[in-house]
Protein chains: 2
Amino acid sequence: MKKNGVSLSVIRRLPRYYRFLGDLLQNGVGRISSKELSQKMNLTASQIRQDLNCFGGFGQQGYGYNIEQLHREIGRIIGVDTMHDTILIGAGNLGSAIAAHMNFEKRGFRLVGIFDSDPQKSGEIIAGLPVRSTGELETFCRENHPTIAILCIPKTAAPKVAPQLVDLGITGFWNFSHYDLRVDHSDVVVENVHLGDSLLTLCYQVTHNRPEEDEGEK
Amino acid sequence: MKKNGVSLSVIRRLPRYYRFLGDLLQNGVGRISSKELSQKMNLTASQIRQDLNCFGGFGQQGYGYNIEQLHREIGRIIGVDTMHDTILIGAGNLGSAIAAHMNFEKRGFRLVGIFDSDPQKSGEIIAGLPVRSTGELETFCRENHPTIAILCIPKTAAPKVAPQLVDLGITGFWNFSHYDLRVDHSDVVVENVHLGDSLLTLCYQVTHNRPEEDEGEK
DNA sequence: TAGATTGTTAATCGATTAACAATC
DNA sequence: TAGATTGTTAATCGATTAACAATC
């Protein structure tokens, strides 16, 4: 199983493979060829074979891929079988939705603490966990050693909170704040989610979808 | 202002430019060079000039870019100044958060209706709008002609609901359901948001971040 | 064996970067 | 004018696609 020079574009496609294979598995499909899968996923068969081969030869000539095995292997590559203790910072509308809505345990994360700067929220139960005040953060981290933080906080708070969390042992961020988080510690990873950017992309597409308003000039 | 062969990667970067320029504008910065901007955005200066030139020459040699003007131009290219009447399907946890949390009007969208299949929810007020039953959807659309739908519904519902909505005049989807929505009408656009995939990408990164576990073999 | 489909190399395509003449 | 920085072309790099020999 090699793991050298896997490009970012391949990595970004892994979760999608994992999801499609999971669906097929649930539908009781046992095997699939790169061609069939390419049609379902709107990719080329070449690309699928190329992608999968970054990690090893999971297929069998003349047969295709065993879905159950491939799904399991990709899950292992992604690392869903190792749990990462996770805290949520910001229990507002979005934070609560994320806490309740994501299937963390199926994706390698275990939500262990929820924090909010608003003392009014303390004690509220979300996704089975009590909301704690931000003041408790330090003690909590020293005791429980969470490694991942989900940021559902305002744009301005993100650059202040993130370094504190790094000092408390956080090595991965899932960042929903409207701020481009970058951490220079080489052993800290960040996944920024910019819903606003996504909405603007939709806006662009809608705007430019109307049948060729202005064609022609150079 | 040309608009030919703008690649998807450039389009995906536009919202980010817009956001950074908006921030600079708020901080009272008047002009910026591609070099300065490239440092802030973690891109190359070349790329920025290349990108912006897809749409026209907004800069000035020896000076740089006027931030206020550039921000306005990119906003126009994205189309944030034209409002699209929008409905939200699914007023669960995530739907409510999206309704309350996004700044729709600043991004070219106006939320005009919220629908949920659960009759219990009818009448509830979210983001200033009453939740309606799915039964009212058809009448509502015929009367109000919304063009955009936000899907915060379960995976299984998406492929059923989407075609109905297209028939009712929806030409753009912001899809949060855990389903890869594809619509074959050429005049319908879809922006899929897969939070689960994003979380798995974080998982992959965290898993493969530990200092080079297994290096070596070919 | 014949048919199917992978793994993998080579060819193509597109996107990013570098360079520099144009010009403010 | 001299200095700065763009717009734009050319060079490089990387990712996707095509092709085919290997093999189940």
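For the numbers below, each heavy atom of this structure counts, side chains included, while hydrogens, waters and symmetry mates do not. Chain letters run A, B, ... following the sequence lines, proteins first and then strands; every chain starts at 1.
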Scan the side chains in residues 101-114 of chain B for donor-acceptor partners under 3.5 Å anywhere in the protein, sequence neighbours excluded, and list what turns up.
unit_1	atom_1	unit_2	atom_2	d
R107(B)	NH2	H178(A)	NE2	3.0
R110(B)	NH1	D85(B)	OD1	2.8

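- Comparing atom distances between the Q50(B) side chain and each of dT8(D), dT23(C), dG7(C) picks out dT8(D) as nearest.
- With respect to the salt-bridge test (charged N to carboxylate O, under 4.0 angstrom), the residues K155(B) and D23(A) qualify.
- Taking atom CG of L8(B) as the reference point, atom C1' of dT16(D) lies 15 Å away to the nearest angstrom.
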Quiz item: Hey, mind stepping through T44(B) and S46(B) against side-chain hydrogen bond (donor to acceptor under 3.5 Å, both in side chains) and telling me if it holds?
Solution: CA-CA 5 Å; T44(B) 63; S46(B) 253; 5.2 Å; no
Donor-acceptor pairs are to be reported for all side-chain atoms of residues 156-163 of chain B against protein atoms at under 3.5 Å, with residues two or more places apart or in another chain.
none

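- Checking side-chain atoms of N192(B) against main-chain N and O of D180(B) turns up no donor-acceptor pair under 3.5 Å.
- A side chain to side chain contact (heavy atoms under 4.5 Å, CB included) with W174(A) is found for exactly one of I98(A), L151(A), T86(A), V190(A), namely I98(A).
- Distance CG (L52(B)) to C1' (dT5(D)): 13 Å, rounded to an integer number of Å.
- Contact check of residues 38-49 of chain A against DNA chain D (heavy atom, cut-off under 4.0 Å) returns T44(A), S46(A), Q47(A), R49(A).
- Y65(A) has no side-chain polar atom (N or O) that falls below the 4.0 Å cut-off from OP1 or OP2 of dC24(D).
- A heavy atom lying under 4.0 Å from DNA chain D marks none of the residues of residues 18-32 of chain A.
- In this entry the distance linking CG of L37(B) with P of dT5(D) reads 13 Å, nearest Å.
- Regarding I67(B), its CD1 atom lies at a distance of 13 Å from the P atom of dT5(D), rounded to whole Å.
- We find that CD of Q61(A) is positioned 19 Å from P of dA2(C), with the value rounded to whole Å.
- Residue F55(A) contributes atom CZ, which lies 14 Å from atom P of dG7(C) at whole-angstrom precision.
- Applying the ring-ring contact (aromatic ring centres under 6.0 Å, His included) test to Y65(B) and every residue at least two apart in sequence or in another chain returns nothing.
- Side chain of T207(B) to backbone of I78(A): a donor-acceptor contact under 3.5 angstrom is found.
- The side chain to side chain contact (heavy atoms under 4.5 Å, CB included) test with L24(A) is passed by exactly one of K40(A), E36(A), H71(A), R19(A): K40(A).
- The shortest distance between the side-chain N/O atoms of S34(B) and the OP1/OP2 oxygens of dT5(D) is not below 4.0 Å.
- A salt bridge does not link E191(A) to R182(A): none of the charged side-chain nitrogens sits closer than 4.0 Å to a carboxylate oxygen.
- Classification of R16(B) and D197(A) as a salt-bridged pair fails, no side-chain N sitting under 4.0 Å from a carboxylate O.
- Closest-nucleotide positions on DNA chain D for G62(A) and S9(A) were compared, and the one nearer the 5' end corresponds to S9(A).
- For the pair L70(A) CG and dG7(C) P, the interatomic distance rounds to 10 Å; values are reported in whole Å.
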Quiz item: If pairs are Watson-Crick or G-U with both distances under 3.5 Å, what is the dot-bracket string of DNA chain C, marking crossing pairs with [ ] and pairs to another strand with |?
Solution: ..||||||||||||||||||||||
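- When rounded to the nearest whole Å, the span between NZ of K35(B) and P of dA19(C) equals 15 Å.
- Each of dT8(C), dA10(D), dT6(C) was ranked by its minimum atom distance to the side chain of S33(A); first place goes to dT6(C).
- Put simply, OG1 on T82(A) and NE2 on H84(A) are 5.5 Å apart, with the number rounded to the nearest 0.5 Å.
- Heavy-atom nearest nucleotides on DNA chain D were determined for R13(A) and for Q60(A), and the one closer to the 5' end corresponds to R13(A).
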